[in-house]
Asks: 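Have a look at the structure that comes next, please.
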Amino acid sequence: MSEVINIFENVKKSGRKALLEHEAKEILKKLGLVLPPSCFVKSEEESVKAFHDFEGNVAMKLMSPHVLHKTEEGAVVIGIDTEEEVRGAYRDYMQRFANKEIEGVLVEKMVKKGIELIIGSQIDATFGPVILIGPGGVFVEVLRDVVFRMCPCTKEQALSAIEEIKTQNLLNGFRGMVKVDREKLAEQMVILSKLAWEYRDYIAEMDINPLIANDQDIFTVDARIILK
Amino acid sequence: MKNMSNKLKNFFDATSFCVIGASTNPLKPGGVVAENFAKKFPGKLYLVNPRGGEHELAGKKYPLYKSILDIEDTIDVAIIIVPAKYAPKALEECGKKSITKVIITTGGFSEIGVEGQKIQEEMLEIMNKYRINVIGPNCLGLYAPKLGYDTMFLPESKLKRPKSGKISIFTQSGAFGAAFIDQLYRLGSGNWVSKFISYGNASDINEAHCIDYLGSDEETKVILVYLEDFKNGRKFIEKTREISLKKPIMGIKANRTETGAKAGASHTAALSSNNAVVDDLLAEAGFIRVTTWGDLEDCVLAFGTQPLPAGDRVAIVTDGGGAGVMASDMVSDCNLKLAKLSEETQKKLDESFPVFYSTENPIDITGSATAEDYRIALEAVYNDPSVDSVVNLCLPCIPNLNIEEYIQITKEISKRKEKPFLTALVGGNEAIWGTEKLLEEDVPCFDSPGRAVRAVGLLTQYAKFLERHNANESPLNQQ
């Protein structure tokens, strides 16, 4: 997996600790996680083309090493349905973030609504790399309902972690919500735990949040990898 | 960490033992340990005291060597009980004498600050130079009654020694260890302890070595732990995961305050308090984590005397409605279920008892109960295959109950050991008297309904863990 190391080394060389979302997603895609179709663009025309290629309904996210909390800083626009909105969002980014370094814009097909989850890893002072799983999105801080495992974890350990999540209703198709595919979720947790373990000399923290489980699959919608 | 279990095994396997700092004062630590070994250790014993001369212990005269280097024989294990400042020299001499197993009980090292830390570092250099394995410093060392091995430096007049049994204990805190050992002496028959390891500052031997050794020690059937932090957390978890499939591991990991969560760049870092991580990793590895001192005694009684249940269905027999209700609440708190009695059992109870007895589980044989009523109810539920554990509650203050007869019935059923059978006697002097009578024969008896049910909860938690991992042969039932 020297490709992964190459990405890490390049990020480090440019003096950064945090991977940009499209860099993190490139790694996760290589490892077999499921990502919505996306296109990293560097011009307005390219973003319009991507919008049409995806047949509309996209999100546009600004990729800048200076904008890490994208939602809070207004660097994410979701549910874009028209070419005008694409152009508008692109121009708005270029104008508002003119004084910041801009790598480009990630145009991404919107993922259908579903259950939002988090899988994350960090280096514990006692146990080394550990991984957590639980309800994600806005629920992360409201519920703080997460379960930890030591990295790397087996599928059985991942499945038992999913079982230990307290808000089981959320996973079981409560009130017509989607029923989360536990096998698939466990497999994704195993992949991430291996990533955190194998690259423990590089990765300090990782958040896949949200991970959206809908009636099609379990999608990595946002990803953050922070290096040591 | 290769062959790490042998490190401790070689300590316990010693056939010759030397006390460095052997005092002629029987109350001083060096005097106590010398006497312990003189009285109980079957191997050879050597005493070192710079004043020289002779010392008589247990009817035998021992020369006091001025230095360990003056002893001609080889020595397997030495204990250093001298003030911290003299410890490096003593350790260096052990190294020169080719002793690779040393216990250092003295305090005054890293636990007291910079000065002590310096001495401990000096010791580490000597340990590395001579490849010495050290238990301690700042600990009680080892106790194994069957092997006559006892480095606990507190005199027997103060600290009583439990006799040989199937539970092994290791503890980071020596003070905890001493008090708990003392407590086990007075608990029931006092036949509880296989190996006791107090490893103190863990300059070498740590919690991972302890769990590994006890996991492979055949005489150890149950492992009880007191920890405050980890020296080798990963290894400990990996070993616990392996060993918990063979024997139950339980105990306290103290220091539960929510420290360690840091304001990181990710949600993950913000959610990762040390205790949250520890709690999940221990549970996943099959470690039964309890929190109070009382819980530990309950663990000893439950795992030290009972078989594992086949499932989570509990039957409760009581003579008091309130006790039954409280016990039933605890049943659900402990993720247990109230058993649905078989038709046969239900019929038997209905035919045997007056209509005002409540014959559905929890079975309330009321304040009119006699000892014979208890026998009928307890045997009926104990024989019922749809009952996995039985909780026997008694408030002995009721008028028609012959307490001696009730105790006898309880003992008889308890001896069958086909399923967990836990008793609580609640009340005043009669309850205390009855509890003592039962505990004399290691029949577990508690002072409240909740404690008895919680003991069932702990056993069931472990049984479920084994089932989840397809470890069907219950290690406790094999004994």
Side-chain angles (χ1 to χ4, degrees), chain A residues 17-19 24 68-69 117-141 143-154 156-161 163-165 192 196-197 200 203-210 222-227, chain B residues 1 172 202 206-208 227-242 244-245 253-287 289 335 461 464-471:
Chain A
K17 284 209 160 184
L19 272 69
L68 290 177
H69 298 95
L117 300 156
I118 180 173
I119 297 180
S121 80
Q122 63 120 17
I123 310 275
D124 182 83
T126 305
F127 302 104
V130 294
I131 189 159
L132 66 74
I133 189 163
V138 293
F139 291 128
V140 170
E141 277 164 281
L143 299 175
R144 300 181 75 87
D145 179 12
V146 293
V147 182
F148 292 88
R149 289 290 178 265
M150 206 154 73
C151 296
C153 73
T154 63
E156 288 68 34
Q157 288 160 0
L159 282 168
S160 75
E163 267 173 47
E164 284 171 37
I165 293 170
L192 290 164
W197 173 249
R200 60 191 178 278
I203 300 173
E205 297 166 39
M206 186 159 66
D207 265 355
I208 315 298
N209 180 37
D222 196 359
R224 182 175 296 179
I225 296 177
I226 294 152
L227 302 180
Chain B
M1 284 301 237
Q172 189 171 355
N206 60 39
E207 75 283 350
L227 284 172
E228 282 160 15
D229 53 37
F230 297 91
K231 293 284 178 192
N232 193 348
R234 272 194 89 81
K235 196 88 198 169
F236 181 80
I237 293 292
E238 282 164 7
K239 284 286 155 194
T240 298
R241 201 183 270 150
E242 233 174 84
S244 60
L245 298 175
K253 158 65 182 72
N255 240 341
R256 287 184 296 127
T257 45
E258 292 290 328
T259 56
K262 52 182 191 274
S266 63
H267 284 296
T268 301
L271 291 166
S272 303
S273 79
N274 180 263
N275 194 53
V277 176
V278 166
D279 208 42
D280 286 351
L281 298 196
L282 285 178
E284 191 276 322
F287 185 101
R289 189 180 186 185
N335 291 319
Q461 182 188 337
K464 281 184 181 171
F465 171 81
L466 291 177
E467 197 186 313
R468 248 197 336 272
H469 290 81
N470 298 318

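Here the structure is a predicted model, which is why all the values come from computation and not from measurement. Letters A, B, ... mirror the listed sequences (proteins, then strands); counts begin at 1. Quick note: numbers below take in every heavy atom, side chains included, and nothing from hydrogens, waters or symmetry partners.
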Asks: Let me know if A:Leu68 has heavy atoms under 4.5 Å from chain B in its side chain, its backbone, both or neither.
Replies: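 When you check distances to chain B, no heavy atom of A:Leu68 falls under 4.5 Å.
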Asks: At a heavy-atom separation under 4.5 Å, does A:Val147 approach chain B through its side chain, its backbone, both, or neither?
Replies: both
Asks: Using heavy atoms and a sub-4.5 Å threshold, report which of residues 279-287 of chain B line up against chain A, by residue number.
Replies: B:Asp280, B:Leu281, B:Glu284
Asks: Who are the side-chain contact (heavy atoms from CB on, under 4.5 Å) partners of A:Ala24, not counting sequence neighbours?
Replies: A:Leu19, A:Ala223, A:Ile225
Asks: Any heavy-atom pair between the side chains of B:Arg468 and A:Glu156 that's under 4.5 Å?
Replies: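 They are not in contact (no side-chain heavy atoms under 4.5 Å apart), so the answer is no.
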Asks: Please name the pair of heavy atoms, one in B:Arg234 and one in A:Pro152, separated by the smallest distance, quoted to 0.1 Å.
Replies: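 Scanning both residues, the minimum pair turns out to be NH2-CD, 3.9 Å.
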Asks: Please list, chain by chain and in numerical order, all residues satisfying salt bridge (Lys or Arg N to Asp or Glu O under 4.0 Å) with B:Lys464, sequence neighbours excluded.
Replies: B:Asp312
Asks: In terms of heavy-atom proximity below 4.5 Å to chain B, should A:Cys151 be classed as side chain, backbone, both, or neither?
Replies: backbone
Asks: Check this for me: B:Phe230, atom CZ, are more than 12 non-hydrogen atoms of other residues, nucleotides or ligands nearer than 6.0 Å?
Replies: yes
Asks: For B:Ala202, give me all partners under side-chain contact (heavy atoms from CB on, under 4.5 Å), at least two apart in sequence or on another chain.
Replies: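 By the side-chain contact (heavy atoms from CB on, under 4.5 Å) rule, B:Ala202 matches B:Tyr199, B:Asn206, B:Lys231.
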Asks: I want to check something: taking the side chain as every heavy atom from C-beta on, are B:Asp229 and A:Thr126 in contact at a cut-off of under 4.5 Å?
Replies: no
